[in-house]
Engineer: 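For reference, the structure I am asking about is given below.
To find a chain, count down the sequence lines: A is the first, B the second, and so on, and within it residues start at 1.
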There are 2 protein chains.
Amino acid sequence: MASKGSDLRLDERSRRLLKTLVERFIQDAQPVGSRTLSRDSGMELSPATVRNVMADLEEMGLVAAPHTSAGRIPTVKGYRLFIDTLLKVQPLSRVEVERLRENLETGEEFNPQSLISTASNLLSGITNMAGVVTLPRRDHSEIRHMEFVSLSAGRVLAILVFSDNEIQNRILHVEREYSPSELQQASNYLSSLFVGSGLMDVRRRLLNELSRTREDMNETMRAAVEMAGKVFSSSDEEDYVIAGQVNLMNFKELSDVDKLRQLFEAFTTKRDILHLLDQCVSADGVQIFIGEESGYKVLDGCSVVTAPYEIDDHVVGVLGVIGPTRMAYDRVIPIVDVTARLLGAALNSRE
Amino acid sequence: MASKGSDLRLDERSRRLLKTLVERFIQDAQPVGSRTLSRDSGMELSPATVRNVMADLEEMGLVAAPHTSAGRIPTVKGYRLFIDTLLKVQPLSRVEVERLRENLETGEEFNPQSLISTASNLLSGITNMAGVVTLPRRDHSEIRHMEFVSLSAGRVLAILVFSDNEIQNRILHVEREYSPSELQQASNYLSSLFVGSGLMDVRRRLLNELSRTREDMNETMRAAVEMAGKVFSSSDEEDYVIAGQVNLMNFKELSDVDKLRQLFEAFTTKRDILHLLDQCVSADGVQIFIGEESGYKVLDGCSVVTAPYEIDDHVVGVLGVIGPTRMAYDRVIPIVDVTARLLGAALNSRE
DNA sequence: TCTGGCACTCTCACCATGAGAGTGCCAAAC
DNA sequence: GTTTGGCACTCTCATGGTGAGAGTGCCAGA
């Protein structure tokens, strides 16, 4: 939030001009000339004066001219300064907040999966850009229920229910057939051990259980522990849900098919985007990557606005919006911010 | 397969020329001129003669010239004739069949969902176009297992396992709390009624059960039937998994961003594409829609090659490939065909 | 019936041209 | 010293003309 140290001591006039320039450019996607700027700035300055200021800003690397006789456009550095020190975010309109709340306030059918994709769709729908939401990490979510069900010879169905109503199941292949009562016993035993514990905790304790064979365990318990080992071995891979990619095709800065292809490939591959989103888990609130700042050149020309979301005071995921650098940050930032809070609230363990 | 009735009685020479023209155009995406054609056809014909034939073909609407001095390109009608009567499909190479088999022959972790998306990815990967697979309808798949699990006051988890290992679960909201033994009883009762029956069958019989209150039912059974009613009420909505849409961005006939956007929107909306795929369920084998033949103008310039796939001799879904009209049908057709068979086999109920 | 020849047409790449927009800089004004 | 008006300059973009290249249509002759 503080102004970057370096040589960017700008006087008030330059700051205001930069601000109007960025706003104007965001509005209509065209290089802004000195004439327009002198009109729009609200200050009584002649185009010539503006030109002088522009020359300074250009030297500082805050704006650039596509060619000699075009107006100026903000550089990444210019956007950065704008966002960090000049931007005044606009609170969400009531309608928008309502729309978010209505959709995220969980109805009858409560289901984390669908909440996540709803959030992603909302983000893209409201901003007309792409919305992205990572699946929540379950490291800290508690186990509410666990149970084994016999399917057929050698196959056992394991069911896990988490505190946020997430249900996971998996079919285990086992050596011998277990009777329903044996499985019941195993379920009971493991439930007594693990229900109410966080997943990370469970994994840790399970490792202990597995390593030593205790005399006081009967065969069923041992089998139970072994099955649990298989169930919990799944390293929950990170993943995200993205929505509204097509929206990006409407922006003229992304009208190059080749550019678009690379971007969409990145969305499908997921690796780079996940990396980027991961960095935001540790951030405090809304975080913004402008253009190549992110370090991924596919995102050149794009900005990513993210915010982490929490369940029970633990950050479990990140959501955000991906769009052209030239986006209405004053609108997008609060949208991302509020959505993160609402999603967190909606996911919170509850009755 | 038979030549369309109308006026398309073509002599052998015209047919051969049309065939080479289409092949050539598929190969290098450029209008084919008389000179090239006379060389490639393998027949001893001067360009002039070829031109005469071309004039005839154009009159019949089988080929068209983008402008006076370009060569000819096939029309939809031309493609149709080509595919129906001239095309000789190429059997898959051993490598390709192996790749398909390896990926679809179910390994340890058998799971219909992932098989479907593997199939979709394979289709797109091998053809370098977009692959699409509808989720299998479960009307005829048998129920292997059903069970109720108490979660907390007023919430019961219902679990359904189908013959193809598909697992579905759903949280039910109920009026009062049920004890584990009550739920066990309910599970047993319903299992005895429904395990081994097809879903369609179950729905029908359940309606009967629900409509009349029988005296010989105790309260638990009645509750069981009611819960089952909720579980099975879910009209399983149709859906599909699509993969490799980005591949379509590589084709120069789809280099118009606007065109692409419409296409991608259709993929996201799903409605039109589902409609189209639905029509193929009833078809016998591979079916091909060329360009606007499908009736959807978003698909102008695209062809769709589909084949239904079966579980236990019931057609349960459709898979296919979407790409530019100018695609290598001789390769794509067998790929779609074989994949449909392999996917069906892989999904077949089995130990 | 087929073919060679020829005039014709259309595209495409290239260049020149001029209008429009905006700059940079200088000298004068405040 | 800062601001301003003026003016030459530069760059883009749309327009139009030109010539090469490709391929056609048609006609007359084999």
Engineer: Tell me the interatomic distance from R13(B), atom CZ, to dT1(C), atom P, rounded to whole angstroms.
Structural biologist: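 Roughly 10 Å, once rounded to whole Å.
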Engineer: Given dT4(D), is OP1 or OP2 found less than 4.0 Å from the side-chain N or O atoms of S46(A)?
Structural biologist: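 Checking S46(A) against dT4(D): at least one side-chain N or O falls below 4.0 Å of OP1 or OP2.
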Engineer: Closest to the S69(B) side chain: dA22(D), dT3(C), dT4(D)?
Structural biologist: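 Of dA22(D), dT3(C), dT4(D), dA22(D) is nearest to the side chain of S69(B).
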Engineer: Can you measure D56(A) atom CG to dT23(C) atom C1' for me and round it to whole angstrom units?
Structural biologist: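 So the CG-C1' distance, D56(A) to dT23(C), works out to 14 Å.
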Engineer: Taking the nucleotide of DNA chain C with the nearest heavy atom to each, does E44(B) or A55(A) sit closer to the 5' end?
Structural biologist: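 The answer here is E44(B).
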Engineer: If you measure only the distance, is there a donor-acceptor pair under 3.5 Å linking the side chains of N52(A) and T49(A)?
Structural biologist: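 Result is no, nothing qualifies.
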Engineer: Okay, side chain of T75(A), backbone of A64(A): is any donor-acceptor separation there less than 3.5 Å?
Structural biologist: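 No: the side chain of T75(A) does not pair with the backbone of A64(A).
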Engineer: CD1 of I73(B) versus P of dT11(C): gap in Å, rounded?
Structural biologist: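 Answer to the nearest Å: 14 Å.
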Engineer: Any carboxylate oxygen within less than 4.0 angstrom of a Lys/Arg side-chain nitrogen, looking at E12(B) and R15(B)?
Structural biologist: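 Counted as a salt bridge, because a side-chain N and a carboxylate O are separated by less than 4.0 Å.
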Engineer: Tell me, please, which residues at least two apart from T269(B) pass side-chain hydrogen bond (donor to acceptor under 3.5 Å, both in side chains).
Structural biologist: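 Once residues adjacent in sequence are excluded, T269(B) has no partner under the side-chain hydrogen bond (donor to acceptor under 3.5 Å, both in side chains) criterion.
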Engineer: Expressed as a whole number of angstroms, how long is the span from L57(B):CG to dG25(D):P?
Structural biologist: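 In whole Å, dG25(D) P lies 11 Å from L57(B) CG.
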Engineer: Write down the distance between CE (M54(A)) and C1' (dC25(C)), rounded to a whole number of angstrom.
Structural biologist: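 Atom-to-atom, M54(A) to dC25(C), this comes out as 17 Å.
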Engineer: Could you give the CG-to-C1' distance, from N52(B) to dG4(C), as a whole number of Å?
Structural biologist: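 Rounding to the nearest Å, CG of N52(B) and C1' of dG4(C) are 12 Å apart.
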Engineer: Reckon A70(A) touches a base, only the sugar-phosphate, or nothing at all at heavy-atom distances under 4.0 Å?
Structural biologist: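 Since only primed, P, OP1 and OP2 atoms lie under 4.0 Å of A70(A), the category is sugar-phosphate.
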Engineer: Determine: side-chain N/O of R72(B) to OP1/OP2 of dG23(D), distance under 4.0 Å, yes or no.
Structural biologist: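 It does not, given that no N or O in the side chain of R72(B) lies less than 4.0 Å from OP1 or OP2 of dG23(D).
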Engineer: Can you tell me if the side-chain N/O atoms of R51(B) get under 4.0 Å from OP1 or OP2 in dG5(C)?
Structural biologist: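 No.
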Engineer: Quick one: which of dG4(C), dC11(D), dT4(D) gets closest to the side chain of A48(B)?
Structural biologist: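 Nearest nucleotide to the side chain: dG4(C).
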Engineer: I'd like to check the ring-ring contact (aromatic ring centres under 6.0 Å, His included) partners of F267(A); sequence neighbours left out, ordered by chain and number.
Structural biologist: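 Checked F267(A) against ring-ring contact (aromatic ring centres under 6.0 Å, His included); matches are F264(A).
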Engineer: Is S34(B) close enough to dT24(D) that one of its side-chain N or O atoms is under 4.0 Å from OP1 or OP2 there?
Structural biologist: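 Yes.
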Engineer: Round to a whole Å and report the spacing from CZ of R35(B) to P of dG4(C).
Structural biologist: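 Rounding to the nearest Å, CZ of R35(B) and P of dG4(C) are 11 Å apart.
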Engineer: E58(A) CD to dC25(C) P: how many Å, rounded?
Structural biologist: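 The distance from CD of E58(A) to P of dC25(C) comes to 11 Å, rounded to the nearest Å.
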Engineer: Would you indicate which nucleotide in dT10(D), dT12(D), dT3(C) comes nearest to any side-chain atom of L45(B)?
Structural biologist: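 Selected nucleotide (nearest to the side chain): dT3(C).
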